[in-house]
Amino acid sequence: MTFSSLGLADPLLRALEALEYKTPTPVQMQTIPAILAGRDVMAAAQTGTGKTAGFALPLLQRLSTQGPQAASNAVRAVVLVPTRELAVQVYESIRAYGRHLPLRAAVAYGGVSINPQMMKLRKGLDVLVATPGRLLDLHGKNAVRFTQLQTLVLDEADRMLDLGFSRELNALLALLPKQRQTLLFSATFSDPIRALAAILLADPLCIDTSPRNTTAAGVRHWMVPVDKKRKAELFLHLLQRHGWGQVLVFVKTRVGVEQLVDALAMERYQADAIHGDKPQPARLRALQRFKAGDVQLLVATDVAARGLDIDDLPHVVNFDLPIVAQDYIHRIGRTGRAGATGEAVSLVCADEVQQLAAIEALIGQTLRRVDEPGFEPDHRVPVTDAAGRVLKKPKKPKKPKAGKATAPT
Ligand code: AMP
């Protein structure tokens with residue numbers, strides 16, 4: 001199947017050729033014709049499946065062929081995303097796909113001055129990619145009008161709910177015209193997502209290309225048991241021993257991120273950090289430097305886990321396991337994208353056994369354990385099974401008291 005046979009027009013096909021997209025991904029094969037035909041769509045698609053092009057290509061085509069130009073401050077399509085990073089990324093994809101079309105697009109997110117975003121809106125926009133809070137702020141300042149809105153896209157809708165945006169979402173939805181096309185993308189179809197879809201979508205085409213809660217097929221992932229206090233040492237050791245190039249490293253806390261970056265700098269590694277305490281320009285700069293290959297290591301909290309699109313990233317390291325099991329799938333989805341192969345390594349200490357068990361239950365398999373000689377932990381990580389059970393570790397043999405035998409547990 002080709003993009004042209006899906007009904008995409010020449011300006012988009014030329015852009016895809018330049019990007020070397022040769023064949024549509026499974027999600028694109030289904031979404032493109034349906035969206036072109038004007039249908040509402042609800043798609044369960046993880047990052048890495050090509051979902052952005054899946055909605056952006058037909059959206060751009062419809063905007064270029066249908067409807068009047070945007071009046072001042074009006075937007076013809078809104079793409080709502082949960083994070084600033086995803087906003088920038090989706091916006092960049094839209095610009096790349098639409099480079100031969102005379103459409104105006106912009107991006108708006110919080111944490112930066114609102115004025116330039118208001119200026120962009122003055123002439124009206126075909127597509128606005130925005131985070132919910134900032135879009136509400138813009139509306140509050142009369143900088144955006146939804147009267148001409150023809151399409152609403154919710155990208156990573158589950159993440160939006162996880163991050164507590166449901167109030168903002170509801171407030172926004174109340175402002176939008178009822179007559180519109182709505183496209184909802186979510187990593188999973190959880191109950192809250194289904195409830196949201198029931199309100200938002202009219203006779204949607206439901207697409208579920210990724211089996212629920214599976215990790216991207218091309219990724220090899222395993223864990224190394226280690227004592228908590230030796231994680232940084234182990235990470236440096238693995239980095240050297242495997243000769244890893246670029247690595248995205250996930251750490252639980254902002255403080256932990258900074259500590260690891262400092263430890264890496266002491267060993268003369270080039271590392272940058274992304275977390276919520278960093279001002280937005282610094283986060284974007286760090287991401288761009290990493291993408292450009294100027295920095296070898298990017299250390300991030302889960303803020304950055306979703307939506308980061310870094311091509312051909314071979315290694316992801318979970319320095320700490322995520323608190324929310326689902327984030328494991330999103331984190332390691334940074335590698336092995338669009339058919340590439342990758343490796344994801346988790347450094348797991350005894351304290352994290354419950355998180356490990358929850359992840360294994362979610363993905364329905366136990367993570368392969370690979371002991372690293374010299375780093376075998378004093379506090380052993382209990383054995384787990386694929387059903388999410390923690391099987392007790394055998395106790396260290398005690399000296400038997402008179403008349404009492406120690407039974408192995
Ligand atoms: P997404 O799931 O939208 O984040 O896309 C994941 C990655 O796949 C991005 O780097 C896209 O540029 C890339 N991609 C999307 N569609 C295709 C395609 N049909 N062929 C090759 N790469 C693609």
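The figures here come from the full heavy-atom set of this structure, side chains too, leaving out hydrogens, waters and symmetry mates. Start at 1 and go down the list; that is how both ligands and their atoms are numbered. Residue numbers count from 1 along this sequence.
Only the side chain of Q28 comes within 4.0 Å of ligand 1, counting heavy atoms alone; its backbone N, CA, C and O stay farther away. When heavy-atom distances to ligand 1 are checked against a 4.0 Å cut-off, T23 comes that close only through its backbone atoms N, CA, C and O. Looking at F185 against ligand 1, nothing comes within 4.0 Å, counting heavy atoms.
R104 and K120 get closest at one heavy-atom pair: NH2-O, 2.9 Å. Minimum heavy-atom separation, A344 to I332: CB-CG2, 3.4 Å.
Using bins of under 30°, 30° to 60° and over 60° for the plane-to-plane angle, the ring pair Y328/H221 lands in the tilted bin. Aromatic ring pairs are classed by plane angle as parallel below 30°, tilted from 30° to 60° and perpendicular above 60°; the pair H139 and F146 is parallel.
The closest side-chain heavy-atom distance from I35 to L183 is below 4.5 Å.
Checked by distance only, ligand 1 and G50 come closer than 3.5 Å through their nitrogen or oxygen atoms. Residue E20 has no nitrogen or oxygen atom sitting less than 3.5 Å from a nitrogen or oxygen atom of ligand 1, judged on distance alone.
Under a 4.0 Å criterion applied to the non-hydrogen atoms of T52, ligand 1 contributes the atoms 1 (P), 3 (O), 4 (O).
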